[in-house]
Q: 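Sharing a structure below in structure tokens format, with a few things to ask.
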Amino acid sequence: MDRDTIWAVIVGQIREVVPELADRPIAETESMAELGLDSIERSEIIMNTLEAIGLDLPMVQVHGPKNLGELADLLHAKRHA
Amino acid sequence: MPSATPDIVFTGIGVACGLGYGKANLIDGLLAGRDVFSTLQRPGRQAPDGVAPFLGIEMADPPSLLTARVERTAGFGARVAMAVVDEAWREAGLDAVAPERIGLVVGGSNLFSREQALLARDYAGRPNFVPPRAGHAYLDSEIGGLLASTLAIRGFTLGVGAASASGAVAVMQAAEAIRSGRVDSCIALGALQDVSTMDLLGMRALGALGAPRFADRPGQACRPFDRDHDGFIFGESCAALVLRRADQAGAGYGALVGAAQVADGQRGPEPDGAGQRRAIAQALAQAGLRPGDVDYVNAHATSTPKGDEVEADTLAASGLGHAWVNATKSVIGHGLAAAGAIEVAALLLQMRAGRLHPTRNLDHPIAPPLRHVIGTAQPHQARVALKTSFGFGGIDTALVIRGAS
């Protein structure tokens, strides 16, 4: 699974959880907090993404990214570890 | 200056049941004695293969009142609660009341068991992906949380569990919160009891659920006070009542002039006449009224043989044989947590309409004789009405309501 696919999954999950963002461009430099997502929404998006890309990891292993691009990088690395 | 012990009046009503959303659907359907009974179909609530289907009534989906972002996270019962509270809120004009002076009492417990069963089913093989919101939304406080995060309720939210008397107890607690000065306006919600297959199987095993005799005729299965009753029939429902101080809000639909709740010492479903009579006597005493002053009784009347028999004895022994009696469950089924609240709504709407709805399927009334409304709606301008609500666990309640003159 390439990084572009993982990025598309992340964006899709964000728009699933917050339908109001459907038409808003989402940049890799933005964070979920900057998009106005609360902590429960952030967790749901990450869990949904993990499941969608077939990664069964403890949430603590995906803490750390400062923005969505870094999250995509991390998930891509985990997926191919 | 507001008086120290204000009259408490009902000024807003919101309802949902198998007759539809809104007061007009409820009163019209009740007075017409509409038959909306069928077989329960909702996922997580259907009878397993090889087991007799569950009869009952299910409601339409609620109107969409939340943002898409919130709506996708709100369960069925929470969205229905939003719909009925919105209706009652608007009618009562609560936008004009200071949020800190508005309270909310949610009547009912174990309100999401059907959705819990679906969650257990859906995540059985992938436990690490249970949605985070499941960690708080399984609590009954979810209803109060959703409502207060959407509407300007900042006095307090509170849940009360009293089985099938929960709606009535919510009304009592709401009135108490106003009387004590804690708030000026309080919403009493009889929450939707979103029963699961397991809940229904348990109640069937208990012998409480009707149907064996009328399994192929759902419309005839719910027959409170009738010789051929054989158990209650579930009906999805939910109701919100706004209670306010009369000195701030006027006469509204009527005033809650007496209310009592007693423990009768039973653990399970067994009705207890002594407890029921005590609740009625206490509520009337609080109202400063005698049994002869009551001219209409909206009975608990679930259609279970023992329950109906004990309540009929209670009403006769309490000196209420002269009063008109009807059973709202014969039209909308038994809403469990919601029953007491939606039946108070039915009572108030009938008072305003000057007509009482018939008890459906009451072909052969059991003894002792009561003044049942049978066949068609009865013109009657009720002045003082009694509402009985009883719950598993030995809970007996009685509310006395004086109509707005």
Q: Counting only non-hydrogen atoms closer than 4.5 Å, does A:I46 touch chain B with its backbone (N, CA, C, O), its side chain (CB onward), both, or neither?
A: neither
Q: Given that the side chain runs from C-beta out, which part of A:E44 has a heavy atom under 4.5 Å from chain B: side chain, backbone, both or neither?
A: both
Q: Answer yes or no: does atom CZ of B:F156 have more than 12 heavy-atom neighbours from other residues, nucleotides or ligands under 6.0 Å?
A: yes
Q: Distance check, rounded to the nearest 0.5 Å: A:L55 atom CG versus B:F129 atom CZ?
A: 8.0 Å
Q: State whether the number of non-hydrogen atoms from other residues, nucleotides or ligands found under 6.0 Å of B:R72 atom CZ is greater than 12.
A: yes
Q: By a 4.5 Å heavy-atom criterion (distance strictly below it), what part of B:V130 contacts chain A: side chain, backbone, both, or neither?
A: backbone
Q: Look up atom CG in A:L21 and atom CZ in B:R69, then write down how far apart they are to the nearest 0.5 Å.
A: 6.5 Å
Q: Let me know if B:R133 has heavy atoms under 4.5 Å from chain A in its side chain, its backbone, both or neither.
A: both
Q: How far does CE of A:M47 sit from CG of B:N128, to the nearest 0.5 angstrom?
A: 7.0 Å
